[in-house]
Amino acid sequence: MDKDQQIQELEKIGGKIKEKKKVREKGLTDLPPPHHKAVLRFAPNPSGPLHIGHARAAILNDVYVKRYNGELILRIEDTDPRRVHLDAYSMIPEDLKWLGVDWNKTFIQSDRIPLYYQYAEKLIARGGAYVCHCPGSEFKKLKDKSIPCPCRETTLEENLEKWAEMEDLGEAEAVLRVKTDLQHKNPAIRDWVAMRIVEAEHPRIGSRYKIYPMMNFSVAVDDYLMGISHVLRGKDHLANSEKQKFLYDHLGWDIPVFIHYGRLKMDDVALSTSKAREGIQSGMYSGWDDPRLGTIQAIARRGITPQSIQELIQEIGVKISDSIISWKKIYGLNRTILEEKSNRYFLVSQAEKVEIQDLPEEFKGLIKRPLHPDFLKRGYRELPFNGKVYLASEDLKENKTLRLMDEVNVRVEEGSVYYHSPSLEEARAEKAQIVHWVPRDDNIPAEVVMPDNHILSGYAEPECSKLKRGKVVQLERFGFARVDNLRPDKIVFYYTHS
RNA sequence: GCUCCGGUAGUGUAGUCCGGCCAAUCAUUUCGGCCUUUCGAGCCGAAGACUCGGGUUCGAAUCCCGGCCGGAGCACCA
């Protein structure tokens with residue numbers, strides 16, 4: 001019996017067919033409730049500028065906050081003095097702005113240390129934590145066997161005392177541990193560290209404090225205090241979410257919705273901030289915006305638009321499996337956005353000097369080309385033509401006919417270029433390639449910095465002098481490029497993509 | 001090694017919870033064609049995937065078990 005027959009049969013005997021499942025809308029899936037008071041946070045460690053991986057967290061949070069009319073908190077997590085770099089405090093907000101992420105409040109955790117002390121005490125008083133003097137390796141041995149360490153059994157009063165005395169101890173001599181479940185099947189979860197002693201100077205707040213919270217502690221306290229409803233983070237925090245739940249339980253707090261997404265890998269890019277920093281220091285990279293890096297700054301400098309990154313991140317969504325994103329993908333998204341916006345210009349690289357032989361006088365003069373073929377209202381650029389031009393060496397093939405765009409057809413023979421014919425029709429008949437060109441007597445020397453940081457030299461048409469730094473243009477038959485620097489004697493582009 | 005989690009075209013996704021409408025969506029990519037004074041855009045067409053094996057079932061991308069592959073964590077980092 002096939003399906004239709006079954007349905008008929010079923011109806012005959014009075015059965016009902018289950019209603020079909022809902023059709024979900026395109027785009028990012030909804031967050032689990034509550035939606036009415038959605039408070040999300042983006043909580044980077046200030047180790048450097050943001051990269052494409054951060055962009056995922058930032059944009060996802062931003063999109064949901066906007067969807068539910070909620071609130072986004074920027075929280076700088078700088079509770080490890082040794083992993084803090086001051087330049088990051090200003091770079092992070094700048095990168096977020098570039099990405100189009102809007103946030104309502106900013107908190108810096110190193111301003112909140114006393115708050116964490118307060119909750120640590122509260123936790124001790126509730127019997128949820130204890131000061132532990134065991135050496136790390138010793139504790140690990142016990143922990144792996146689910147055996148409580150001697151410190152775990154001390155009384156509340158004793159613990160509070162030991163907590164007060166921690167101030168006088170040296171690094172590694174004591175930690176504050178959160179009581180969890182020693183039988184927990186994942187040893188990593190068992191009695192994790194909440195507070196530790198760090199003697200290093202904090203780049204931002206100096207040596208005011210010696211006891212610093214661990215990320216798991218400060219994060220949970222802050223998420224509670226800030227009323228975070230949904231915690232969106234990478235799956236590398238899976239075990240941390242599990243750890244933090246114990247803290248919420250000790251303190252009688254409601255647990256936010258934890259959502260984890262997979263890793264984002266990019267082909268060809270070193271995402272590690274510390275490696276990039278080393279490379280910049282050693283001179284291997286020109287800076288945080290070196291085109292080879294995956295930083296937001298580098299992407300921006302190359303003329304990738306924030307919209308393309310937003311679209312990319314939203315398309316990838318929040319699933320927990322890893323994604324490998326390719327430049328091709330970003331280029332594709334970006335090209336669609338750039339295509340409309342970018343005006344057209346000529347730039348010839350690998351330039352060959354050409355003087356057209358036998359060129360009739362009448363062709364010399366000013367040539368007009370539209371700034372954008374699909375938007376003629378934008379106007380035209382003008383190129384003076386006198387028969388002396390630069391052509392790309394790859395276009396100059398022996399025994400071929402070429403058409404210089406909007407100008408004349410020429411023939412390449414025995415190393416020379418001869419006038420051939422005037423019209424487009426003739427060019428078509430000859431199957432001539434239609435090529436771009438730059439006047440030899442009127443142009444701007446140009447450089448194009450390619451994605452691998454090598455530099456192509458060439459000449460740009462004269463009207464490029466009217467461009468503004470930051471503009472992305474399409475260099476016809478060459479590719480999209482962003483104007484990076486503009487001087488009377490030279491224009492520097494950063495190549496975006498083809 | 002231990003704990004946990006994944007696996008849909010080259011890539012990114014939809015569908016998986018609640019099995020049938022899925023010989024599987026959309027985008028990108030690649031390749032053709034049309035168009036075009038850009039190798040851009042646009043239009044048309046094509047290519048290309050349910051990790052494998054078993055089980056349950058009339059029916060499995062979807063449920064169960066196992067293998068394989070991949071990932072994350074196993075810190076006094078975040």
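Per chain, numbering begins at 1; letters A, B, ... match sequence-line order. The structure presented is a predicted model; accordingly, all values stated were derived computationally and were not measured.
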Protein-proximity profile, nucleotides 6-12 of chain B, B/S/- by nucleotide at the 4.0 Å heavy-atom cutoff, equals S----SB
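- As a whole-Å value, the separation of A/Lys341 NZ from B/A41 P is 17 Å.
- When heavy atoms are screened at a 4.0 angstrom cut-off, A/Asp80 is found touching the sugar-phosphate backbone but no base atom.
- Residue A/Arg428 places at least one side-chain N or O closer than 4.0 Å to OP1 or OP2 of B/U37.
- The distance from atom CG of A/Asn334 to atom C1' of B/A27 is 15 Å, rounded to the nearest whole Å.
- Residue side chain A/Glu339 reaches the base of B/G40 through a donor-acceptor N/O pair under 3.5 Å, judged by distance alone.
- The base of B/G40 sits with one of its N or O atoms less than 3.5 Å from a complementary donor or acceptor on the side chain of A/Asp374.
- Across all strands shown, the partner of B/G53 is B/C65, judged by Watson-Crick or G-U wobble contacts whose two distances both fall under 3.5 Å.
- Across all strands shown, B/C74 forms a Watson-Crick or G-U wobble pair with B/G1, both key distances being under 3.5 Å.
- Within the cation-pi definition used here (under 6.0 Å to the ring centroid, within 45° of the axis), A/Arg335 does not qualify as a partner of A/Phe480.
- If you check distances only, the side chain of A/Gln474 does reach the base of B/U38 with a donor-acceptor pair under 3.5 Å.
- Heavy atoms of A/Thr79 sit under 4.0 angstrom from primed sugar atoms or phosphate atoms, though from no base atom.
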